[in-house]
Amino acid sequence: VQLQASGGGLVQAGGSLRLSCAASGRTSSRYDMGWFRQAPGKEREFVAAINWSGSSTFYADSVKGRFTISRDNAKNTVYLQMSSLKSEDTAVYYCAAAPRGATTLAMGYDYWGQGTLVTVSS
């Protein structure tokens, strides 16, 4: 499975941005998917995850109510809609695939995209 994240950029605090993660591979649409982020000098942290059908999602407390994860299996794409962005949301965002089921732990994801940088200016 190959993952390609896109959609990052510079946005003002309070603004919105949508990230996309395009997956390729025969079984990619059957995998649970997640988004993680890593800010400068910090460890990679869980942001959101979605099961393969899109019927179940969960979020980190820090983004709950502001971010929404979704997927379109016909397009093999997972999205992260980010709203009410804060300066502390500045990070490189990574999408990842979890063949054994979504988890908040990075070690549970076998496939990773290259990351897309989100910068929130205050």
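- No chain of hydrophobic side-chain contacts below 4.5 Å, direct or via other Ile, Leu, Val, Met, Phe, Trp or Tyr residues, connects Y94 to L85.
- Between T90 and A39, the shortest heavy-atom contact is O-CB, 3.6 Å.
- Grouping Ile, Leu, Val, Met, Phe, Trp and Tyr residues whose side-chain heavy atoms lie under 4.5 Å apart, directly or via other members, leaves W52 alone, with no other cluster members.
- The CG atom of N73 lies 9.5 Å from the CE atom of M33; values are rounded to the nearest 0.5 Å.
- The shortest heavy-atom contact between L3 and A96 is CD1-CA, 3.6 Å.
- In this structure a side-chain-to-backbone donor-acceptor pair under 3.5 Å is missing from R71 to G54.
- Judged as a side-chain contact (heavy atoms from CB on, under 4.5 Å), and not counting sequence neighbours, the contacts of T68 are Y59, Q81.
- When all heavy atoms are compared, the tightest approach of S84 to D89 is O-OD2, 4.4 Å.
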Audit row: R37, S62, side chain to side chain contact (heavy atoms under 4.5 Å, CB included) steps and yes/no: CA-CA 12 Å; R37 66 186 182 187; S62 59; 3.5 Å; yes
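- With values rounded to the nearest 0.5 angstrom, L10 atom CG is found 9.5 Å from L17 atom CG.
- Cluster membership check: V11 shares its hydrophobic cluster with V63, using side-chain heavy-atom separations under 4.5 Å among Ile, Leu, Val, Met, Phe, Trp and Tyr.
- The salt bridge (charged side-chain N to carboxylate O under 4.0 Å, His left out) analysis of residues 6-18, with sequence neighbours excluded, yields no pairs.
- The salt bridge (Lys or Arg N to Asp or Glu O under 4.0 Å) test applied to E88 returns no partner, not counting sequence neighbours.
- Take Y93 and apply the ring pair (Phe, Tyr, Trp, His ring centres under 6.0 Å) test, not counting sequence neighbours, and it matches no residue.
- Residue pairs that meet the salt bridge (charged side-chain N to carboxylate O under 4.0 Å, His left out) test with at least one member in residues 94-114, sequence neighbours left out, are R100-D110.
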Side-chain donor-acceptor contacts of residues 115-122 below 3.5 Å, not counting sequence neighbours, with atom names and distances?
| from | atom 1 | to | atom 2 | distance (Å) |
| --- | --- | --- | --- | --- |
| T116 | OG1 | G8 | N | 3.0 |

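- For F46, the ring pair (Phe, Tyr, Trp, His ring centres under 6.0 Å) partners are F36, F58, not counting sequence neighbours.
- Minimum interatomic distance between D72 and Y79 (heavy atoms only, all atoms of both residues): CB-CE1, 4.1 Å.
- Residues W112 and I69 fall into different hydrophobic clusters, defined by Ile, Leu, Val, Met, Phe, Trp and Tyr side chains chained together at heavy-atom separations under 4.5 Å.
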Using residues 101-109 as the side-chain source, report each donor-acceptor pair under 3.5 Å to any protein atom, sequence neighbours left out, with the distance given to one decimal.
| from | atom 1 | to | atom 2 | distance (Å) |
| --- | --- | --- | --- | --- |
| T103 | OG1 | L105 | N | 3.1 |
| Y109 | OH | T103 | N | 3.3 |
| Y109 | OH | T103 | O | 2.6 |

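- Judged as a side chain to side chain donor-acceptor pair (under 3.5 Å), and not counting sequence neighbours, the contacts of S53 are N51, S55.
- What you find for Y111 and P99 is that their closest heavy atoms are CE1-CG, 3.7 Å.
- For Q2, the side chain to side chain donor-acceptor pair (under 3.5 Å) test picks out no residue, with sequence neighbours left out.
- Applying the side chain to side chain donor-acceptor pair (under 3.5 Å) test to K64 and every residue at least two apart in sequence or in another chain returns D61.
- Looking only at distances, a side-chain donor or acceptor of Q114 sits under 3.5 Å from a matching main-chain atom of A5.
- Between W35 and M82, the closest side-chain pair of non-hydrogen atoms is not below 4.5 Å.
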